[in-house]
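Just so it is clear: chains get the letters A, B, ... in the order the sequence lines come, proteins before strands, and each one is counted from 1.
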2 protein chains.
Amino acid sequence: MNTASAAPLTRIQRRNRKLILEAALEVFSQHGFRGATLDQIAAEAGLSKPNLLYYFDNKEAIHRSLLGDLLDSWLAPLRAIDPDGEPRAEILAYVRRKIQMSRDFPRESRLFANEILQGAPRIEGFIRTELRALVAEKAAVIRGWAQAGRIADVDPMHLIFSIWALTQNYADFEAQMRMVRGPHSDPFDGAEDYLETLFSRLLAV
Amino acid sequence: MNTASAAPLTRIQRRNRKLILEAALEVFSQHGFRGATLDQIAAEAGLSKPNLLYYFDNKEAIHRSLLGDLLDSWLAPLRAIDPDGEPRAEILAYVRRKIQMSRDFPRESRLFANEILQGAPRIEGFIRTELRALVAEKAAVIRGWAQAGRIADVDPMHLIFSIWALTQNYADFEAQMRMVRGPHSDPFDGAEDYLETLFSRLLAV
DNA sequence: ATCATTCTTGACTGATTGGTCAACTCTGGT
DNA sequence: ACCAGAGTTGACCAATCAGTCAAGAATGAT
C-alpha cells in the first residue's frame with residue numbers, strides 16, 4: 001500500500017482513504033503539521049493508527065496529499081479571470097468565487113493559512129513556480145485594464161493580495177469573528193455585499 | 001522563581017526572561033503552541049531547558065506571557081479612534097497604525113493568527129469580553145458617522161474586520177508574498193498607499 | 001573573604017510521538 | 001468451500017516530549 005501505483009483502488013481503499021483525509025483535514029487545519037498527531041487523526045477517522053499507515057507511507061504523505069488536492073482548486077478561481085471579459089465584472093466575479101470557497105471549504109483555507117504561517121516549507125515550490133507565474137499573468141491583465149482606463153489605476157499585486165486577504169479572512173479568522181459578534185452570528189452574513197461594494201468603489205474610474 | 005511575585009527583578013532575571021520570550025516568540029509564531037517545543041525555544045534562547053523552567057512554570061506560562069503582552073498593544077490602535085475626530089481621517093489613521101504594527105511586529109501578528117486558527121482556546125476570554133466590548137463601542141461610533149452622512153453607509157463590523165484582514169495580512173502571509181513577488185521584494189512597499197486609496201474610496205460619501 | 005541567595009545544568013522520569021511488525025481477520029473470485 | 005490477497009491491529013520500538021531534581025557555580029551584600 002505505497003504511493004501512486006497503477007493498481008485500481010478497491011471500494012474499501014476509496015472509503016478509508018477518504019475517511020483518513022477528512023479526519024486529517026480537520027486536525028491539520030486546526031493544529032498545523034507539527035501540532036497534529038497521528039493518534040488524533042486515527043481517532044477522528046475511527047481507524048487504528050497502523051491502519052492509517054497502511055494507506056499512507058507516513059504523516060507527511062497524508063499532509064502532502066491534502067495540500068496537493070487543495071492547490072489544484074486554489075488556482076482555478078484566479079485562472080478563470082478572462083482577459084477578454086468586462087474588467088470590473090471579472091474581478092468582482094473572482095471575489096465572489098473566492099468568498100464562496102471560504103464559505104464552502106473553510107478548513108482547506110485554514111490548512112493553507114497554517115502552511116503559510118510556518119513559512120510554506122512544503123509548498124514553496126508550488127508558490128515560486130505555478131502560483132507565481134499565474135499571478136504574474138493575471139497581474140499583467142489587470143495592469144492592462146488599468147492602463148486602458150477601464151478600471152481605476154491600482155497596483156495589481158496589492159489588489160490580488162487584498163482579495164486573498166479579505167476572502168480567506170472569513171474562513172481563517174471565523175473563530176474570532178464569532179466571538180466578537182456574538183453566539184448567534186454568521187460571519188459570512190453580508191460579507192459578499194460588503195466586498196462587492198468595497199471593490200466596486202476601489203475600481204470605479 | 002514562580003509567577004508574579006512582588007520581589008523586584010534582578011538584572012539577570014530581566015535579561016534571561018527577555019531572551020526566553022524573544023526566542024519563544026520566534027518559535028511559537030512559526031509553529032503554534034502545540035508545534036513548538038521547549039528544546040527548540042531553549043536552543044534559540046541559548047539557555048538550557050531546565051533554566052527555561054526556572055524562569056517560567058511551564059510551556060503554557062511562556063505562551064501566556066507572550067499573549068498577555070501582545071493583547072495590551074492589540075487594543076491600543078482601535079481604542080485610539082476618537083469619536084469627536086474627523087471620521088475619514090480617524091479611520092485612515094487607524095489603518096495606518098495597524099499596518100505599522102504589522103511591519104514592526106510581524107511575529108506578534110503571526111502568534112495571534114496561530115492562536116485564532118486553533119480556535120483561540122487561550123484568549124477566548126479576552127475576545128469575548130474586552131475585545132468584543134471595544135469593537136461594539138467603536139462600531140457604534142462608526143455607525144453614527146455613517147448615519148450622519150459623514151462617511152459612506154457601510155457595515156461597521158465588516159469594515160473593522162476588513163481593516164484587520166488587510167493589515168495583518170502583510171505580516172501573516174509575508175512568506176507567500178515574498179515568494180510570489182520575487183526574492184528582492186518588500187511586501188510592504190506601496191501597501192500603505194494602496195490601503196489608503198482603498199478605504200478612502202470605500203468611505204467617500 | 002565569607003556565605004546566603006540566586007542561578008545553572010547534567011542526568012533523569014514518565015508520557016507521548018511517529019512508525020514497525022507479525023499475526024490475525026475479512027473479502028471476493030473460483 | 002476454498003484460498004490468495006487485501007485489510008486490520010495489539011504489542012512493540014526508538015526518539016522526542018514536558019517537566020523534575022539534586023548538586024554545583026556564580027553573584028552580591030556584608
- Query: Has the side chain of A:Lys59 got a donor or acceptor atom that lies under 3.5 Å from a matching backbone atom of A:Ala36?
  - Reply: yes
- Task: Tell me whether the OP1 or OP2 atom of D:dG7 has a side-chain N or O from A:Tyr54 closer than 4.0 Å.
- Result: yes
- Query: Is any NZ, NE, NH1 or NH2 atom of the basic residue among A:Arg128 and A:Glu124 found under 4.0 Å from an Asp or Glu carboxylate oxygen of the other?
  - Reply: yes
- Task: Could you state the atom-to-atom distance from CZ of B:Arg15 to C1' of C:dT6 in whole Å?
- Result: 12 Å
- Which of residues 35-42 of chain A sit near DNA chain C, with a heavy atom under 4.0 Å from it? A:Ala36, A:Thr37, A:Leu38, A:Asp39
- Message: What is the separation between atom CG on A:Asn16 and atom C1' on D:dA6, rounded to the nearest whole Å?
- Response: 11 Å
- Message: Measure CG/A:Asn51 against P/D:dT9 and give the value in whole Å, please.
- Response: 5 Å
- Query: Are any of B:Thr10's side-chain N or O atoms less than 4.0 Å away from OP1 or OP2 of C:dC7?
  - Reply: yes
- Query: Given side chains that start at C-beta, do those of A:Met101 and A:Glu108 come closer than 4.5 Å, heavy atoms only?
  - Reply: no
- Got A:Leu159 and A:Ile91 here, is their nearest side-chain heavy-atom distance under 4.5 Å? yes
- Item | Note: B:Glu174-B:Arg107 ion pair, threshold 4.0 Å (strictly below) | no
- Query: With a 6.0 Å cut-off on ring centres, are A:Phe173 and B:Trp164 close enough?
  - Reply: no
- Message: Expressed as a whole number of angstroms, how long is the span from B:Phe56:CZ to C:dC7:C1'?
- Response: 15 Å
- Under 4.0 Å: is that the gap between some side-chain N or O of B:Gln13 and OP1 or OP2 of C:dT6? no
- Task: Classify the nucleic acid contact of B:Asn58 as base, sugar-phosphate or nothing, counting any heavy atom under 4.0 Å across all strands shown.
- Result: sugar-phosphate
- Query: Are the side chain of A:Arg34 and the backbone N or O of B:Arg34 linked by a donor-acceptor pair below 3.5 Å?
  - Reply: no
- Task: Just say parallel, tilted or perpendicular for the rings of A:Phe33 and A:His63, cut-offs at 30° and 60°.
- Result: perpendicular
- Query: Which parts of nucleotides 20-30 of chain C does protein reach within less than 4.0 Å, heavy atoms only, written one letter per nucleotide 5' to 3' as B for base, S for sugar-phosphate only and - for none?
  - Reply: BB-----SS--
- Query: Looking at B:Arg96 and B:Glu196, does any basic side-chain N land under 4.0 Å from a carboxylate oxygen?
  - Reply: yes
- Atom pair distance, as rounded to whole Å: NE2 in B:His63 and C1' in D:dA18: 15 Å
- Tell me whether the OP1 or OP2 atom of D:dT8 has a side-chain N or O from A:Tyr55 closer than 4.0 Å. yes
- Result for 5'-nearest mapping on DNA chain D, choosing between A:Arg34 and A:Leu52, is A:Leu52
- Task: Taking only the side-chain heavy atoms of B:Lys59 (C-beta and beyond), determine which of C:dT6, D:dG19, D:dA6 contains the nearest atom.
- Result: D:dG19
